[in-house]
Amino acid sequence: MNGSGWPDGLAHGVVTLGSAAVEAAIERYLTAAGVADSTRRAYAADLREFARFIGPDSPIEDVDLRVLAVYVAQLGRARARGRLAPATI
């Protein structure tokens, strides 16, 4: 872990380099999913947040169960009661 509470090697800054690629990937995924517009907006926001979590220089191939577990734990800690609803996960 680094001083920010994120594991070493996982950035949590704003996605800059490749953000257009992130947006294009989100749009392709959500278009293929065939979901309602309100759901698309919510999912897109969630995917952008995850992209910021892993950082612009982290290959998607590096996302494994450990990374997802750290991300979900961080989301829970950010909540008022310190946990996520089961439907959120």
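In what follows, residues are counted from 1 in the order of the sequence shown. What you see below is based on every heavy atom in this structure, not just the backbone, and it leaves out hydrogens, waters and symmetry mates.
Qualifying side chain to side chain donor-acceptor pair (under 3.5 Å) partners for Glu27, counting only residues two or more places apart in sequence or in other chains: Thr31, Arg40. Ala78 pairs by the side chain to side chain contact (heavy atoms under 4.5 Å, CB included) definition with nothing, not counting sequence neighbours. Looking at residues two or more places apart in sequence or on another chain, you find a side chain to side chain contact (heavy atoms under 4.5 Å, CB included) between Ala44 and Ile26, Leu30, Arg48.
To the nearest 0.5 Å, atoms CZ (Arg52) and CD (Glu49) are separated by 6.0 Å.
Nearest heavy-atom pair, Tyr71 versus Asp46, reported as atom, atom and distance to 0.1 Å: OH-O, 3.9 Å.
A heavy-atom distance below 4.5 Å is found between the side chains of Leu68 and Phe50.
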